[in-house]
Amino acid sequence: MKQFIICLLLLLPVFVEAQPQQGKLDSLHLALQNAANDTIRMDMLNQLAWYHYTINYDSARFYWGQSVSIAQKLKLKLYEAGILSSQAFDLSWSNYPKALELSLQALQIAEDPASEKNVWNLPAGHTPHNERLSTLGWIYFNIAQLYGNTDNTKKQISSLLQAINIAQSLDDSAMNTLGNLNLGNVYLNKLKKPDSALYFEQKALKLHSNLHDSPDDLGWVFGAIGTIYIEKKNFDSSRFALQKGLQLMQQQNNLAGIGGICLAFSNFYKTINKPDSSLLYAYKALETYKTFKDKDGIANAYSSISSAYGEQKRTDSAFAYLTLATVLHDSLNNVERKNLLTYQNANLDEQMRLKNLEKERIQTQAEIRTYAMLAGIVVFMVIAFLLYRNNRHRKKANELLQKQKEEIAKQKENAEQTLVELKSTQAQLIQSEKMASLGELTAGIAHEIQNPLNFVNNFSEINTELIEEAGQEMRKGNLSEAELILNNIRDNEEKINRHGKRADSIVKGMLQHSRSSTGIKELTGINKLADEYLRLSYQGLRAKDSVFNATIDTDFDNNIDKINIVPQDIGRVLLNLYNNAFYAVNEKKKNAGSPYEPTVSVTTEKKGNTIEIKVKDNGNGIPQNIIDKIFQPFFTTKPTGHGTGLGLSLSYDIVKAHGGEIKAETKEGQGSEFVVWLPV
């Protein structure tokens, strides 16, 4: 015969959220009727099952059956496992084999990580993995009930501890509360350790205070604590706990809980020798259990009534109810024995199945070892053959490698010789480019000096003639005319001296810019440098082609201070850009005819910490397909003999060495623009 406390603590709905109120029942039926899809219909059926669980077992089983069918249809494996476990929990008192079968099915689903793939209606903050662990924890909790009813206390405690461990890992206070609640029951009724039982029940009560809602397990906690205090003879604490538990059960209309706590009160008043109160609560329990047809509860109520009548010395009534209790208990015990025997047979079949599986596993492992040994022998032979063949191949490869090594050594020697020749040729080409630039510079200097020299020569010849005229006038005695001629001679001498100094200045300045670079940076006026090399480039081209003429536009920023550069190197960059610009407009002039006006413009501008120099022409421009190659060494678009292809390459290197940038922008047929940026 099951003891009262087992019914009190373990008839717990695991997933209950609905409160058994008529309004709630109506809303559930309405939601089921208006369900938009199968998932909502499945969930409403599950909630209806738990609603009816403590008041009508048959209705609960009906709704669970419909709900699990929809879950299987939708392949919602975790939801299916939860319902199967709920059904197993319900059958843990009446059909042990079926409860075991459903529990094993639920465990198989929840232990498989593949069940995480299709999860419906995840709680906030839950991942599919956490949901699977939560379902697994509730399954362990429910299967503990089956182990308890079949007197397998060791497995019952183990399953509850597994549920508690999962609850702690998920910070699930509800599962943790129920796990400790039922552990307290095991320690009180199975192991007869009320102190340990009280520890777990108080832990459950503390955990319950962390919950945001108020699930109906709180009434069971107080009922369990009240029962423990009866055993410990602490009657004041017992009465308080039982009253609190009964109040909670009545608020929730939990008939199973109300009946259980009424029986506990009957036992309480019997213990303190108040048979009238004991009889009153025993009748309340009987009335409650009859309402939802709980035969085990009815039998326990009969026993309590009989005991209360016995305390009142009303032997007839005591005997009558004892007879009713005995008949009902015997009937239940016969069913339980039959149920337990069937369960044991099912459990034995399961153990035999597992034993056969283990035997098959051992045989399979033996076969695998045999095949592995044969495979190892074959692999060893294959490896030996491969090693032999590889050894032969290695010898051939070494011979071939030696030949290739000798060939590579010869090729390396030839390549080194070729590199030496290329470096020599490159040095010669660079020198040629420098000499070409020097030639351009020299031609410009010569043409620039020609003007002051012409003045010197002309005024010298005029002065010679004026001296003779002055002598003639003096001999004639015409002193005033002679004095006028002498004044003209003095003015001419001043002009000769001025133009001579101009020529001297040009020679000194140009020699300064044309001498070999020392590589030492100097503070240099970039506007003056750009202007001087512009004139030299233009005059140099005119010296080679007297008919050439071009418009020169300059726009120099007067706010630019002297900057630290190597003037000879930057001068070479500018001279190269000017020469290319004049060459481009001259070539276009030859083919374009009279409407075309060759123009080269030079601008300088200070932009923040950078000096920008632009050299623009209106020549033919650079084709887009070669614009990316113009700064490569030895690349040129000029005809053979007109350029080395090193001018822009050297210019690029010089600008980079100064920490600057140079780029070209062009529109084919309209001209080109080269932009140089130098840091201040």
Before you tell me yes or no, could you show the steps for Arg392 and Arg389 under side-chain contact (heavy atoms from CB on, under 4.5 Å), namely the whole-Å CA-CA distance, both residues' side-chain angles and the distance that decides it to 0.1 Å?
CA-CA 5 Å; Arg392 292 186 61 188; Arg389 189 183 66 175; 5.8 Å; no
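- Atom-to-atom distance recorded for Gln162:CD and Tyr140:OH is 4.0 Å, nearest 0.5 angstrom.
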Yes or no on side-chain contact (heavy atoms from CB on, under 4.5 Å) for Gln247 and Lys244, after CA distance, side-chain angles and deciding distance?
CA-CA 5 Å; Gln247 180 184 2; Lys244 183 67 175 177; 4.2 Å; yes
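- Across all their heavy atoms, Leu181 and Glu201 have their closest contact at O-OE2, 2.6 Å.
- Remark: Tyr283 OH is packed, more than 12 non-hydrogen atoms of other residues, nucleotides or ligands lying under 6.0 Å away.
- Checked by atom type and distance alone, the side chain of Ser159 never pairs as donor or acceptor with a backbone atom of Phe141 at under 3.5 Å.
- Within a 6.0 Å radius of CG in Asn391, other residues, nucleotides and ligands contribute more than 12 heavy atoms.
- Within the 4.5 Å cutoff, no side-chain heavy atoms of Ile83 are placed close to those of Leu45.
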Kindly indicate, with the supporting measurements, whether the criterion side-chain contact (heavy atoms from CB on, under 4.5 Å) is fulfilled by His52 and Leu25.
CA-CA 9 Å; His52 286 284; Leu25 178 61; 3.8 Å; yes
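- What you find for Ser169 and Ile166 is that their closest heavy atoms are OG-O, 2.7 Å.
- For Tyr309, the ring-ring contact (aromatic ring centres under 6.0 Å, His included) partners at least two apart in sequence or on another chain are Tyr321.
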Given Glu287 and Lys290, is the salt bridge (charged side-chain N to carboxylate O under 4.0 Å, His left out) satisfied, shown in steps?
CA-CA 5 Å; Glu287 180 183 353; Lys290 283 183 176 181; over 6 Å; no
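- Between the side chain of Thr288 and the backbone N or O of Lys284 there is at least one donor-acceptor pair closer than 3.5 Å.
- Ile228 pairs with exactly one of Asn234, Leu198, Asp195 by the side chain to side chain contact (heavy atoms under 4.5 Å, CB included) rule, that one being Leu198.
- Leu218 and Leu205 make their closest contact through CD1-CD1, 3.7 Å (heavy atoms, listed as atom of the first residue, atom of the second, distance).
- Of all the heavy atoms in Ser196 and Tyr187, the pair that sits closest is CB-CD2, 3.8 Å.
- Put simply, the side chain of Lys192 gets close to the backbone of Asn189: a donor and an acceptor are under 3.5 Å apart.
- Inter-residue side-chain proximity for Leu146 and Lys155 is flagged as unmet; no heavy-atom pair is nearer than 4.5 Å.
- When only modelled atom types and interatomic distance are considered, Asn176 and Asp172 share no side-chain donor-acceptor pair under 3.5 Å.
- Remark: the backbone N or O of Tyr302 is not paired with any side-chain donor or acceptor of Ser306 at under 3.5 angstrom.
- In this structure the side chain of Leu188 never reaches within 4.5 angstrom of the side chain of Lys193, judged on heavy atoms.
- Between Asp43 and Gln47, the side chains place a donor N or O and an acceptor N or O closer than 3.5 Å (distance only, hydrogens not considered).
- Between Val119 and Leu76 the shortest side-chain heavy-atom distance does not fall below 4.5 Å.
- Judged purely by atom type and a 3.5 angstrom limit, Asn46 has no side-chain atom pairing as donor or acceptor with the backbone of Met42.
- Side-chain contact between Tyr96 and Leu100: absent, with no pair of heavy atoms (C-beta onward) separated by less than 4.5 Å.
- In this structure, Ile305 and Leu324 have side chains that are not in contact, with every pair of non-hydrogen atoms separated by 4.5 Å or more.
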Determine all donor-acceptor pairs shorter than 3.5 Å in which one atom belongs to a side chain in residues 267-274; sequence neighbours excluded.
unit_1: Lys270; atom_1: NZ; unit_2: Ser307; atom_2: OG; d: 2.8
unit_1: Thr271; atom_1: OG1; unit_2: Asn267; atom_2: O; d: 2.7

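- Across all non-hydrogen atoms, the minimal contact from Ala301 to Leu263 is CA-CD2, 3.7 Å.
- Of the N and O atoms on the side chains of Gln145 and Asn149, at least one donor lies less than 3.5 Å from an acceptor on the other residue.
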Before giving the answer on side-chain contact (heavy atoms from CB on, under 4.5 Å), spell out for Tyr79 and Leu74 the whole-Å C-alpha distance, their side-chain angles and the decisive distance to 0.1 Å.
CA-CA 10 Å; Tyr79 206 97; Leu74 298 177; over 6 Å; no
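- For Gln250, the CD atom sits in a packed shell: over 12 heavy atoms of surrounding residues, nucleotides or ligands are nearer than 6.0 Å.
- Put simply, the side chain of Gln243 does not reach to within 4.5 Å of the side chain of Leu246, judged on heavy atoms.
- Atom NZ in Lys190 sits 15.0 Å away from atom NZ in Lys154 (nearest 0.5 Å).
- Minimum interatomic distance between Met175 and Ser134 (heavy atoms only, all atoms of both residues): CE-O, 3.4 Å.
- Rounding to the nearest 0.5 Å places CG of Leu32 at 11.0 Å from OG of Ser27.
- Residues passing the side-chain contact (heavy atoms from CB on, under 4.5 Å) test with Lys77 are Glu80, Ile109, Ser115, sequence neighbours excluded.
- Side-chain atoms of Thr177 come within 3.5 Å of backbone atoms of Ser173 as a donor-acceptor pair (strictly under, hydrogens ignored).
- The CD atom of Gln105 sits 5.5 Å away from the CG atom of Leu102 when rounded to the nearest 0.5 Å.
- Atoms CZ and OG1, on Arg132 and Thr127 in that order, are 10.0 Å from each other to the nearest 0.5 Å.
- Thr39 and Asn37 share a donor-acceptor pair across their side chains, judged by distance under 3.5 Å alone.
- Contact annotation: the side chain of Ile225 never approaches that of Leu242 to less than 4.5 Å [non-hydrogen atoms, C-beta and beyond].
- Going from atom CZ of Phe200 over to atom CD1 of Ile164 covers 7.0 Å, rounded to the nearest 0.5 Å.
- Using cut-offs of 30° and 60° on the angle between ring planes, the pair Trp50 and Trp64 is perpendicular.
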